[in-house]
Structures are given as C-alpha cells and as structure tokens.
Number of protein chains: 2
Amino acid sequence: MDPDAVPPEKQREVAEAVRKALAKHGYARLTTRKIAAESEKSEAGLYYYYDSKDAMIAAFLEVAADFLARELAAVDADDPEARLRAACDRLFVRRDDEELRGVNVAVMELLSHAPYNEELREPLRTLEANTLESLAGILREGIERGTFRDVDPVGTAAFLVAAGNGATGFHLALGMEEGGEPLREQVADYVDSLLADGDRDRD
Amino acid sequence: MDPDAVPPEKQREVAEAVRKALAKHGYARLTTRKIAAESEKSEAGLYYYYDSKDAMIAAFLEVAADFLARELAAVDADDPEARLRAACDRLFVRRDDEELRGVNVAVMELLSHAPYNEELREPLRTLEANTLESLAGILREGIERGTFRDVDPVGTAAFLVAAGNGATGFHLALGMEEGGEPLREQVADYVDSLLADGDRDRD
DNA sequence: GTCTATACAGTGATAGAC
DNA sequence: GTCTATCACTGTATAGAC
C-alpha cells in the first residue's frame with residue numbers, strides 16, 4: 001500500500017509497535033515477528049498496510065519526527081536564551097526517561113545504518129533537519145535581538161544536535177556515567193559561551 | 001578458541017575483514033559470509049579462531065581501539081592547546097577520509113546497538129573510555145599549566161567525545177552538509193571558550 | 001481486513017575430508 | 001588449519017481461507 005494511503009490511526013498503531021520492538025531488541029535484531037508481538041495484529045496483518053519491514057520502520061520515523069517537532073515547538077518562553085536551554089534540555093535525554101531513551105537510541109542505530117539503507121535515509125534526514133531548523137531558528141532570533149553573539153546559526157545548531165546525538169550513544173546506549181547526568185553542565189556552559197558579551201556572567 | 005589465544009597476525013586479518021565488511025554493508029546486515037568474502041579465508045576458516053560472529057566483531061573493536069589510542073597518543077605537540085586541537089581534528093572525521101569514515105560509522109552503529117548485545121558492550125566501553133581519558137588528560141594538564149579555565153576535565157572531554165560521535169552520525173552516516181566540513185569552526189570556537197581568560201582573543 | 005499456513009532464501013555454526 | 005558440504009533454524013513476504 002502507498003504509505004500516504006495508510007489511515008493515520010493504523011500508522012500510529014504500527015509505529016507504536018515498532019517503537020516498542022526497537023526498544024526491546026534494537027534495530028539489528030528487529031524482525032517482523034517481534035513487531036507483530038508488540039502489536040495487536042499478526043505479521044501478515046502488518047503487511048496489509050505496509051509492503052515491507054522497512055516501510056513499517058519508516059512509518060515509525062515519521063511519527064517520531066512529528067512528535068519531536070511538536071515538542072520542540074511547544075516551548076513557549078519568549079526569551080531566546082530560555083528557549084534554547086529548554087530545547088537542549090529535550091535534546092540531551094535523561095537516563096531515567098525510559099521512553100525517550102528507547103526512541104533516541106533506536107534513532108541513533110537507524111541513523112548509523114543510513115548509509116546502507118536508502119529507504120530509511122530520507123525519513124531520518126527529515127527528522128534531523130527538523131531538529132536542526134528548530135535550534136537554528138531560536139539562534140537566529142537571539143542573534144537578531146542581541147541575546148547571542150553573531151555565530152553561524154546553522155553550524156551552531158548542528159554542533160548542538162551532534163552533541164545531543166552523541167550523548168545519547170555515550171550515556172544512554174553505552175551506559176557511560178562520566179560527566180554525570182548527560183552533560184547538562186557542559187551544555188549550559190556552551191550556551192553561556194554563545195551569549196553576547198554584555199549578557200555573560202562567568203565566575 | 002579463547003580470544004587471547006588467537007595469534008595477533010590472525011586477529012589483524014579477521015579484524016580487517018570485519019572492517020571492510022562493515023564498511024560495505026553495515027552492522028545490521030553483516031553476515032559471516034560477508035566477512036569471509038572480505039577475507040582470504042572461508043567462513044569455516046574464520047570459525048577456527050573465533051567461536052561466534054560477535055567474537056569476530058569484538059576482535060575488530062579491539063584492534064580499532066588500539067589504533068585510535070595510538071593515533072591520539074601520537075600527537076607530540078607540547079602545548080596542551082595544540083594537543084587538544086589535534087585530538088579534536090582526529091575525532092571529527094572528514095568526509096573525504098574513506099577509511100576512517102567507515103570505521104567511525106561502524107563503531108557508531110555498534111555503539112547504538114550496545115544495549116542489546118552484552119558481548120560487544122565491554123569492548124565498546126573500552127574504546128570510548130580510552131578516547132575520553134586521552135582528552136581528559138590533555139585538559140587536566142592544560143588546566144594545571146593555566147592554559148585552560150578550571151573546567152571539569154572528564155565532563156568536558158565527554159562533551160567533546162559526544163559531539164565527535166554525533167558529528168559522525170550526522171555528517172558521515174546521514175550525509176547532512178549543514179555546518180560545512182564537520183563542525184570544524186564550532187569545535188575551534190568551543191576550544192576557544194575553554195581557554196583561560198588571559199589567553200582568549202575573540203572579536 | 002485479518003488470520004493461519006507456508007514458500008523460499010539466507011543465517012550462524014558444525015562435521016568431517018584433506 | 002583450511003576447506004566443502006550441510007544442518008537446523010529464522011528471516012521476509014505471500015497465498016488463500018474466512
């Protein structure tokens with residue numbers, strides 16, 4: 001079936017099953033059987049809506065991207081500095097947040113496999129590009145208002161996204177505890193370094 | 001066979017075959033047949049030295065960790081700032097470096113799968129811990145000498161490692177071009193922000 | 001639409017010849 | 001030590017009943 005023809009309710013169901021299966025087994029060990037086990041449907045039932053396993057995963061990525069975009073957009077502070085800090089807070093996922101943790105690690109595994117899987121590459125790019133653009137937008141506004149120094153908004157946003165993704169691998173996937181609760185201090189420090197000179201207070 | 005009993009020459013051969021196979025197919029699609037195809041041996045030949053596919057991958061990780069550790073230690077500048085910049089240069093792999101690119105993306109994929117694979121977790125932790133300790137050592141020395149501000153060496157090193165890993169996923173695996181050649185400007189800027197106040201020059 | 005049953009290819013790993 | 005042949009199993013995807 002054409003992915004766009006799948007009823008939204010069914011897409012959400014499949015995406016949720018894929019999410020649970022990924023959190024339990026990881027992408028490299030993901031099978032259609034395991035997806036079905038997390039769903040109300042049988043394997044064949046899943047194939048009624050999706051033509052392949054990859055299509056099911058792509059459906060999950062689409063839902064995840066929407067979710068993340070909504071979360072980043074929901075920060076309603078007016079101050080660009082506060083908005084950037086809130087966005088970072090969301091990007092650097094806490095160890096105890098079971099659900100986000102599973103999703104973020106799964107996205108990292110899919111992302112690392114993107115060079116070998118054309119079908120998943122585009123949805124992953126979209127997800128990352130959304131996040132990047134959210135941060136870049138906040139930075140752009142802050143630069144205009146004089147809150148931030150005159151940095152490259154997109155490059156700086158990319159640096160933060162990369163650090164967030166890497167922290168997911170380092171702290172959540174590998175379980176490395178170095179640097180305490182995922183780099184919150186370092187991120188705060190980095191955001192400090194972006195502030196316009198007048199606004200900066202460092203001890 | 002006990003992994004420690006494998007002759008070093010044979011381990012290097014298998015590790016090299018695993019590296020090539022990973023670069024071509026990624027971890028999720030890695031098979032013992034594909035490893036054998038990149039080696040001079042047959043599948044059964046590989047099993048003479050290693051008891052399982054995971055053991056072959058662990059052998060690759062061990063070799064990769066040694067290689068990376070040697071490269072980071074080889075930076076022979078005396079100045080901590082120069083050493084940190086050289087280490088970052090190595091951590092943020094360039095798009096055109098085919099070989100390192102393959103290795104780094106492969107390590108990222110394995111790392112993201114670590115929660116689901118006990119056998120690979122420890123070698124991966126060792127690899128990352130080595131890198132972390134290299135950077136932390138440089139930072140510690142620089143702080144003592146007054147080159148760097150009094151930051152947390154391990155936390156700061158973790159932030160840099162995370163950013164480097166994330167950049168691998170973002171730029172090398174996904175092929176996102178945002179921020180130009182993998183974040184070199186942003187990294188340089190971040191290192192600037194670590195310099196002790198007296199040493200800093202910003203425009 | 002959803003199921004059970006199944007086709008058919010490929011998987012990790014082993015046996016046994018050389 | 002290294003090979004060819006092979007095993008038992010699991011993988012994705014489809015057929016056809018309901």
Side-chain angles (χ1 to χ4, degrees), chain A residues 1-22 24-61 106 109-110 113 116-120 123, chain B residues 1-22 24-61 106 109-110 113 116-120 123:
Chain A
M1 189 184 294
D2 184 320
D4 297 335
V6 176
E9 173 63 18
K10 298 297 180 182
Q11 172 172 6
R12 269 193 304 272
E13 274 175 42
V14 172
E16 178 65 5
V18 170
R19 182 189 70 72
K20 285 181 188 163
L22 277 173
K24 248 189 218 174
H25 311 284
Y27 171 60
R29 291 180 182 170
L30 183 69
T31 67
T32 49
R33 178 198 297 250
K34 286 168 183 167
I35 297 173
E38 302 296 331
S39 129
E40 315 253 275
K41 294 194 208 320
S42 68
E43 268 185 274
L46 297 171
Y47 277 98
Y48 179 79
Y49 294 106
Y50 293 98
D51 294 338
S52 67
K53 184 176 105 166
D54 281 345
M56 298 173 206
I57 302 172
F60 155 73
L61 283 172
E109 193 179 354
L110 292 167
H113 193 68
Y116 318 103
N117 189 323
E118 260 190 76
E119 190 166 359
L120 298 180
Chain B
M1 188 183 297
D2 184 321
D4 297 336
V6 177
E9 173 63 18
K10 298 295 179 182
Q11 172 171 7
R12 269 194 303 274
E13 275 175 40
V14 172
E16 179 66 6
V18 170
R19 182 189 70 73
K20 286 181 187 163
L22 277 174
K24 248 188 217 174
H25 310 284
Y27 171 60
R29 290 180 183 170
L30 183 69
T31 68
T32 50
R33 180 199 295 252
K34 286 168 183 168
I35 298 173
E38 301 297 330
S39 129
E40 315 254 273
K41 294 195 209 318
S42 67
E43 267 185 274
L46 297 171
Y47 276 99
Y48 179 78
Y49 294 106
Y50 292 98
D51 295 338
S52 68
K53 185 176 102 165
D54 280 344
M56 300 173 204
I57 302 172
F60 155 74
L61 283 172
E109 193 178 353
L110 292 167
H113 194 68
Y116 318 102
N117 189 323
E118 260 190 75
E119 189 164 0
L120 298 180

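In what follows, every chain begins at residue 1, and chains take the letters A, B, ... in the order their sequences are listed. Here the structure is a predicted model, which is why all the values come from computation and not from measurement.
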Measure CG/Leu46(B) against P/dA13(C) and give the value in whole Å, please. 11 Å

Describe the nucleic acid contact of Thr31(A) in one word from base, sugar-phosphate, nothing, applying a heavy-atom distance below 4.0 Å. sugar-phosphate

How close do Tyr50(A) and Ala59(A) get, heavy atom to heavy atom, and via which atoms? OH-CB, 3.4 Å

Integer-rounded Å distance: dT11(C) P and Leu30(B) CG: 10 Å

Any base atoms under 4.0 Å from Ile35(A), or only sugar-phosphate, or nothing? Heavy atoms, all strands. nothing

How many Å lie between OH on Tyr27(B) and C1' on dG12(C), as a whole number? 13 Å

Among Arg19(B), Lys24(B), Lys20(B), which one satisfies salt bridge (Lys or Arg N to Asp or Glu O under 4.0 Å) with Glu38(B)? Lys24(B)

I'd like to know if the side chain of Tyr116(B) reaches the main chain of Leu22(A), judged simply by a donor and an acceptor atom lying under 3.5 Å from each other, with no hydrogens or angles considered. yes

OP1 or OP2 of dT2(C) versus the side-chain N and O atoms of Tyr48(A): is any pair under 4.0 Å? no

I need the NE2-C1' distance between His25(A) and dG11(D), as an integer number of Å. 15 Å

Separation of atom NZ in Lys53(B) from atom P in dT14(C), rounded to whole Å: 15 Å

Is there a side-chain polar atom (N or O) of Tyr49(B) under 4.0 Å from OP1 or OP2 of dT2(D)? yes

Count the heavy atoms of every other residue, nucleotide or ligand shown that sit under 6.0 Å from CZ of Arg29(A), and state whether that count exceeds 12. yes

How many whole angstroms separate atom OH of Tyr47(A) from atom P of dA7(C)? 17 Å

Would you say a side-chain N or O of Lys34(B) is under 4.0 Å from OP1 or OP2 of dG12(C)? no

Among the nucleotides dT2(D), dT4(D), dT4(C), whichever has the atom closest to the side chain of Ala44(B) is dT4(D)

Check the distance between dT2(D)'s C1' and Glu43(B)'s CD and give it to me in whole angstrom. 13 Å

Taking OP1 and OP2 of dT2(C), is either one under 4.0 Å from a side-chain nitrogen or oxygen of Ser42(A)? no

So, is Arg33(B) close to the dT11(C) phosphate, meaning a side-chain N or O under 4.0 Å from OP1 or OP2? yes

In whole angstroms, the gap separating P of dG12(C) from CZ of Arg29(B) amounts to 14 Å

Output yes when a side-chain donor or acceptor of Glu109(B) lies under 3.5 Å from a complementary backbone atom of Ala28(B), and no otherwise. yes

